[in-house]
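Here's the structure, in structure tokens; my notes come after.
Note that the structure is a prediction, hence the values are computed from the model and not measured. Reminder, nothing fancy here: chain letters follow the sequence lines and each chain counts from 1.
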Amino acid sequence: MAGQDNKLDKGKRVFMRPTDLLIVGLILLAGLSSYLIFKNQNISADTEAHIFFENELIAVLPLTEDEEKDLVYRQCPGITFRLYKDGSIAFLESSCPDKVCINSGKMSEAGDWAACLPNRVLVRVVGLNDSEVQDVDLIG
Amino acid sequence: MRKPYFVRAISILLLLLLASTGIACSVSEKNPAKGGSLRFEQNFVGPFDTVTTLLAYCNDEASFQQLEKLVREDLDYYHSLFDFYDNHPGVNNIKTINDEAGKTGVEVDPVIIDFLEQCIWAENITEGRVNVAFGSVLSIWHRVRTEGIENPMQASLPSQEELELANLHTDINKLEIDKEAGTVYLADPGMSLDVGSGSKGYACELITERAVAAGFESFVISLGGNVRCVGVKSDSGMMWKIGVRNPDVEAENKVLDVLSVADKAIVTSGIYERYYTVDDIRYHHIIHPDTLMPSRFFDSVTMIAPDAKVADALTTALLNMPLEEGQELLAALEGCEALWIKDGQRYTTTGYDDLLASD
């Protein structure tokens, strides 16, 4: 009995025992790893293409590295968009006279954009992660 | 006997709380809503025949809508003023001045007069490498380019003779401004103004000034390649990061450089968007005033300046002169830097690298 009391007395004075330290360590580890997972999720998050017709959003296309696909929308039937396997999008065909939209080429990076003025169509690539993680606010 | 366990439990709980707030903080750092400053973005397709992007940090949706309204109104108004293809009801614009060439002076908004005075200044300091009175020549190229794109099999070059005849009507001294009367007169009936170089940057700066006067302090307006940054990103105090577009549109990397800036204008002009093809050779829209043919010095030039007026006034001229002359020109101007690209090679002014984002 006396010995047990002694042990407890000791316990009163020591703030942490090795097992507590272990628990604390585990909690910190859990915190750190969940932070890293969060961070990685943010960085590896995809981009998506927003297609606007007369400043109204008509389509959102995730730019995943998938299959090649051609798309036409009823609001702007004169334009064919192409989604490429490398996770990019481009104006493939357009009824416009100047073809500036087609000349703009492929877009894949957040902040990138191209427009077809005669058809009043804009494509913007948007990062799914928010601003702080984004490399570029705007491409000039 | 229970106390130590109680203390331990509390301390572990506290640590747990600490760790979780640590995580929460690290996550919310990436949330622009922090600090009551929200990030908004809006695009305007149409005015100035281009795309305008407005990016701003505001306290709430209502104040962003106020900014958006201001920008939209100004874009429409300045578009009507600087339009040189179409007339707009109730307003005398550049087209009106061109229509009245050799006939009469046109009373215009003082904005047009200030703008044309800047054009004269730009023509002067660049020894004619950019000339607002170059419309007669540029309109020929515009015509053949449009025809060539619509009908690629019949695409053709303008004759040197036609170009030289048109070039007889490009004397900027025949652009007569009467500040007191508020009128502009083209004293040569064969002459016309083309404000494709300079008007977008000029409008961008005026819109910026009005937005700043209305109390907005953290935003970027990009008017078709004319980017004007105001303040820093107010949620984080970080500088704006503006990507410089690669003139090689087929290249993997769309962005050549990332500039880290506050309160600056970044204007890029290039030969990569507007062109047409004749016999497999590309002919773009920047026309050299001496050869009257597309300029061959560079693929693109990006100019960084304290304001968008100056930057847009000079980028065309920089595309029309050798590197050394451009560097010399910019060295004489306060706070101006530039990046030139030719066949993937980069050339810069001495202070340009200081603007690069460090990460």
Side-chain angles (χ1 to χ4, degrees), chain A residues 8 11-17 19-20 23-24 27-32 34-35 38-39 42 50 52-55 86 88 96-101 103-109 111-122 124-126 129-140, chain B residues 1 3-4 7-8 11-12 15-16 18-20 22-23 26-27 29-32 39 41-46 49-51 53 55 145-146 149-150 220 222 225-227 229 233 235-236 238 240-245 249-250 253-255 258-259 266-268 272-276 302 357 359:
Chain A
L8 283 173
K12 268 180 195 170
R13 273 177 246 118
V14 177
F15 180 65
M16 279 192 188
R17 288 179 175 183
T19 41
D20 299 334
I23 291 167
V24 168
I27 291 168
L28 287 177
L29 199 73
L32 190 73
S34 56
Y35 165 69
F38 254 105
K39 212 180 153 192
N42 269 344
H50 290 187
F52 296 86
F53 172 69
E54 291 185 343
N55 299 321
D86 59 3
S88 63
C96 64
D98 59 10
K99 312 294 180 205
V100 166
C101 53
N103 296 345
S104 302
K106 290 180 175 182
M107 295 164 274
S108 59
E109 288 172 33
D112 206 354
W113 59 270
C116 182
L117 270 304
N119 283 304
R120 306 239 153 209
V121 169
L122 168 73
R124 282 192 68 81
V125 178
V126 179
N129 40 37
D130 46 46
S131 62
E132 299 304 310
V133 209
Q134 230 165 269
D135 297 339
V136 178
D137 290 300
L138 214 139
I139 299 176
Chain B
M1 207 174 137
K3 206 181 173 190
V7 169
R8 274 215 303 270
S11 60
I12 286 167
L15 275 166
L16 195 74
L18 208 79
S20 60
I23 299 163
S26 64
V27 172
E29 256 174 28
K30 293 177 173 59
N31 183 352
R39 183 185 174 101
E41 190 168 336
Q42 181 60 270
N43 303 295
F44 311 91
V45 179
D49 299 315
T50 187
V51 179
T53 300
L55 190 62
R145 187 171 64 244
T146 310
I149 294 168
E150 271 174 11
V220 180
S222 170
N226 295 259
V227 179
C229 309
K233 295 192 256 184
D235 68 326
S236 58
M238 282 164 72
W240 296 101
K241 288 198 177 146
I242 308 299
V244 177
R245 189 178 293 275
V249 294
E250 270 133 45
N253 53 328
K254 280 271 168 179
V255 172
V258 178
L259 304 176
I266 298 163
V267 176
T268 300
Y272 47 88
E273 272 182 341
R274 284 187 197 277
Y275 59 81
Y276 75 121
T302 298
D359 49 25

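Using a 4.0 Å cut-off between charged nitrogen and carboxylate oxygen, B/R145 and A/D98 do not count as a salt-bridge pair. Ion pairing of B/E41 with A/R124 is present here, as a side-chain N (NZ or NE/NH1/NH2) and a carboxylate O approach within less than 4.0 Å.
Atom CG of A/L138 sits about 5.0 Å away from atom CD1 of B/I242, to the nearest 0.5 Å.
Using a 4.5 Å heavy-atom cutoff, the side chains of A/F52 and B/V45 are not in contact. Within the 4.5 Å cutoff, the side chain of A/P97 has no heavy atoms near those of the B/I149 side chain.
Neither the backbone nor the side chain of B/I266 comes within contact range of chain A; no heavy atoms are under 4.5 Å apart. Looking at B/Y276, neither its backbone nor its side chain comes within 4.5 Å of chain A, counting heavy atoms on both sides.
Judged purely by atom type and a 3.5 angstrom limit, A/D137 uses its side chain to pair as donor or acceptor with the backbone of B/K241. Proximity of a side-chain donor or acceptor of A/N103 to a complementary backbone N or O of B/E273 within less than 3.5 Å is detected. B/K254 contributes no side-chain N or O that, together with a main-chain N or O of A/I139, makes up a donor-acceptor pair within less than 3.5 Å.
Every residue was checked against the salt bridge (charged side-chain N to carboxylate O under 4.0 Å, His left out) condition with A/K99, not counting sequence neighbours, and none meets it.
Chosen from B/V51, B/T268, B/N253, the residue pairing most often with chain A at heavy-atom distances under 4.5 Å is B/V51. Of all the listed residues (B/Q42, B/E250, B/E150), the one sharing the greatest number of non-hydrogen pairs under 4.5 Å with chain A is B/E150.
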Working for side-chain contact (heavy atoms from CB on, under 4.5 Å), residues B/N43 and A/H50 | CA-CA 11 Å; B/N43 303 295; A/H50 290 187; over 6 Å; no
